[in-house]
Visitor: 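Structure in structure tokens, see below.
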Amino acid sequence: MKPLIRIGAGSAWWGDRVEPARLNAERGDLDYLCFETMAEATISAAQVRSRRDPSFPGYDTYLDDRMRAVLPACLKRGTKIVTNQGWINPRGAAERIVHWLRECGAPRGMKVAAVDGSLITDRVLELTDRILENGKPTSTLRDTLVSAEVYQGAEPIVDALKQGAHIVVSGRVADPSIFMAPMMYEFGWDALDHMKLGAGNGIGHLMECGAQVTGGYFADPGFKDVPDPWNFAFPIAEVSPDGSAVLTKVAGTGGAVNLQTVKEQMLYEVHDPANYLTPDVVVDFTTARLEQIGPDRVRVTNLSGKPRTPTLKVSIGCTEGYIGEDMFFYAGPGALRRAQLAKRILEERFKIVQLDAEEVRIDYLGLNAIHGAMTPADAPEPYEIAVRVAARTRTREEAIKVGREVDGMAVSGIGMTGKRVPHQDRTREIIGVWSSLVPREKIVPSLSFYEV
């Protein structure tokens, strides 16, 4: 057993920056580099693209960029990689990673493992009962069902590491589990040891959002300042066999690792801090102790856990129609007055073209687009306004009407309308995400191995 392992974050979501991952690989002195690139929205986007683009491989669209950036240093250092960049095609992602390993001169026989088993679209209605959000039977989703993915835990990743995998790529695995799997493997933690796994999963939660614990999504000028926010590093966890850890980052980078940044991330998206549900364990953050032991070094101890639940969460993607969206602009004195008239014009023109929409929103970006009806009546008038128009419809044909009527505002609107060229797709399919629970014993992960 190693006395300490260093685990670095490589991403916090699909669109995250690549350079901090390269930095961790080159200067982080890591045993493991972990990439978290999935979310419910990411899976929905992948399913939509797969439906309309047969050539889409189904894995992280930035997989090539990320592997090119980190593999040379990881191979030199012996750093292993754990990632959920497989999305809806882990095997395809594994084969692609083997390609980049060969390009980087990896030794023959190096293994890449693909973890499958999270996709249960073909049997989700048999395995589930109720929709968590509204209590209705999941059978009511039958006609709109697109995909269903179960949140798997760390165990299949641990199995892959035990069988000699240098890189493990998965589909839908819970975010903290990606970071905890190396701890379970290196320290020999039992999958039912809820105290050790509570600590490990808690550390994984602190790591999963990347720069959020090093100062990203934290800075608020004048209230919470951090140095050089253009140069955030991703965090590194120095983990001990007892489940304690020190959070830090590469020296000389921007941002900060302090009690404030760690506390904010600890409470982020956990709902009940005493009962944070994951596939592996129920984490209890209320027992945690945090200590600043040096510049950009925070010790985390006393994280605890409770036995895991008998069920696993499944996200069910369903078609929910289309959105048509566009915007145009006004600036200078009277911008709000002109925007208000433009809204009235569009409302009347949507009646003329008989727009059949389940919901229509016309917002003024810069005034009320975020707070909506809660915007103060005496809010200061902005000097410039973007008018955002969006409608949710049952068909693409109806959604197209939004952009067509906004186009008309260019010369059939009012004075000084600024219009962008419609260079992008202004309609998109909506995949809504519902949740349910499946019996744990019904989900059987599978491993596939690929060698350089």
Side-chain angles (χ1 to χ4, degrees), residues 5-13 16 24 32-40 42 82-84 151-155 157-158 170 172-185 187 189 191 193-218 234-240 242-249 257-291 298-309 312-313 315:
I5 59 172
R6 286 174 61 89
I7 303 172
S11 60
W13 76 293
D16 216 339
N24 262 357
Y32 290 86
L33 179 61
C34 299
F35 291 87
E36 199 293 292
T37 72
M38 293 183 76
E40 285 82 358
T42 317
V82 178
T83 175
N84 61 6
Y151 283 76
Q152 297 192 95
E155 287 184 87
I157 298 174
V158 175
S170 73
R172 175 76 276 183
V173 167
D175 305 351
S177 303
I178 297 167
F179 294 86
M180 187 177 70
M183 306 175 208
M184 293 177 65
Y185 169 66
F187 301 143
W189 292 349
D193 185 342
H194 57 266
M195 293 303 289
K196 290 284 180 61
L197 267 58
N201 228 276
I203 296 165
H205 169 72
L206 290 170
M207 294 287 290
E208 70 182 74
C209 288
Q212 285 191 197
V213 86
T214 59
Y217 206 70
F218 171 84
F234 289 153
I236 296 169
E238 300 172 350
V239 189
S240 299
D242 64 357
S244 63
V246 174
L247 299 182
T248 186
K249 63 184 181 71
V257 180
N258 57 40
L259 295 179
Q260 284 181 292
T261 65
V262 175
K263 287 177 182 178
E264 283 200 11
Q265 174 57 28
M266 181 174 285
L267 298 176
Y268 178 71
E269 289 185 335
V270 301
H271 300 291
D272 179 358
N275 296 282
Y276 177 51
L277 303 178
T278 80
D280 302 294
V281 68
V282 178
V283 184
D284 185 352
F285 290 105
T286 65
T287 60
R289 295 179 62 87
L290 305 179
E291 180 186 4
V298 172
R299 186 189 304 279
V300 183
T301 58
N302 282 60
L303 286 162
S304 58
K306 304 170 185 178
R308 65 190 189 185
T309 62
L312 297 173
K313 181 182 176 182
S315 293

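As the structure is a computational prediction, the values presented were derived from the model and not from experiment.
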Visitor: How many angstroms lie between CG in L277 and NE2 in H271, if you round to the nearest 0.5 Å?
Guide: 9.0 Å

Visitor: Looking at every non-hydrogen atom in both residues, tell me the closest pair between I5 and F187 and how far apart they are.
Guide: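 Result for this residue pair: CG1-CZ, 3.7 Å.
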
Visitor: Take a 6.0 Å sphere around NZ of K263 and say whether it holds more than 12 heavy atoms from other residues, nucleotides or ligands.
Guide: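 No.
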
Visitor: OH/Y217 to CD/E264 distance, rounded to the nearest 0.5 angstrom?
Guide: 10.0 Å

Visitor: With side chains defined as the heavy atoms from C-beta onward, is the minimum distance between D175 and H205 less than 4.5 Å?
Guide: no

Visitor: Between Y276 and F285, what is the ring plane arrangement, given parallel below 30°, perpendicular above 60°, and tilted in between?
Guide: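 Tilted.
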
Visitor: Is it true that a side-chain atom of S11 and a backbone atom of E36 form a donor plus acceptor pair closer than 3.5 Å?
Guide: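 Side chain of S11 to backbone of E36, a donor-acceptor pair under 3.5 Å: yes, one is there.
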
Visitor: What pair of heavy atoms forms the shortest contact from A191 to R308, and how long is it?
Guide: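 Looking at all heavy atoms of both residues, the shortest contact is O-NH1, 4.0 Å.
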
Visitor: I need the R6 CZ to I236 CD1 distance, nearest 0.5 Å.
Guide: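 R6 CZ to I236 CD1: 4.5 Å, rounded to 0.5 Å.
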
Visitor: Rounded at 0.5 Å granularity, tell me how far CG in L206 sits from CD in Q212.
Guide: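 Taking CG in L206 and CD in Q212, the distance rounds to 11.0 Å.
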
Visitor: Applying side chain to side chain contact (heavy atoms under 4.5 Å, CB included) to V213 and V257, what does each step give before you reach the verdict?
Guide: CA-CA 6 Å; V213 86; V257 180; 5.5 Å; no

Visitor: What's the separation between atom CG in D280 and atom CG in N201, rounded to the nearest 0.5 Å?
Guide: 5.0 Å

Visitor: Short question: side chain of N258, backbone of T261 - any donor-acceptor pair under 3.5 Å?
Guide: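 Present.
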
Visitor: Minimum heavy-atom separation for I203 and G243, please, with both atom names.
Guide: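 Reported closest heavy-atom pair: CD1-O, 3.3 Å.
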
Visitor: Using atom types as modelled and distance alone, determine if a side-chain donor or acceptor of T214 lies under 3.5 Å from a backbone N or O of P235.
Guide: no

Visitor: Measure from the side-chain N and O atoms of D16 to the backbone N and O of A12, and report whether any donor-acceptor pair falls under 3.5 Å.
Guide: yes

Visitor: What heavy-atom pair brings A288 and L303 nearest, and what distance separates the two atoms?
Guide: CB-CD2, 3.7 Å

Visitor: With distance as the sole test, does E208 use its side chain to make a donor-acceptor pair with the main-chain N or O of G210 at under 3.5 Å?
Guide: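 No, the answer is negative, given that no donor and acceptor are paired below the 3.5 Å cut-off.
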
Visitor: Check whether any side-chain N or O of K196 sits under 3.5 Å from a backbone N or O of M183 as a donor-acceptor pair, and report yes or no.
Guide: no

Visitor: Using every non-hydrogen atom in the two residues, find where A181 and V158 come nearest and quote the distance to one decimal.
Guide: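 The pair with the smallest heavy-atom distance is O-CG2, 3.6 Å.
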
Visitor: Check whether S240 reaches the backbone of D242 with its side chain - one donor and one acceptor, N or O, closer than 3.5 Å.
Guide: no

Visitor: Between the side chain of N24 and the main-chain N/O of G10, is any donor-acceptor distance below 3.5 Å?
Guide: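 Not at all, since once roles are kept as given, no pair shorter than 3.5 Å links the two residues.
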
Visitor: Would you please test T83 and I178 for side chain to side chain contact (heavy atoms under 4.5 Å, CB included) and show each step?
Guide: CA-CA 7 Å; T83 175; I178 297 167; 5.9 Å; no

Visitor: Would you indicate whether the side-chain heavy atoms of T278 and M180 approach each other to under 4.5 Å?
Guide: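 M180 vs T278: side chains apart.
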
Visitor: If you apply the rule side chain to side chain contact (heavy atoms under 4.5 Å, CB included), what do you find for I7 with C34, and how did you get there?
Guide: CA-CA 7 Å; I7 303 172; C34 299; 3.8 Å; yes

Visitor: Which atom pair, heavy atoms only, marks the closest approach of M184 to A154?
Guide: SD-CB, 3.7 Å

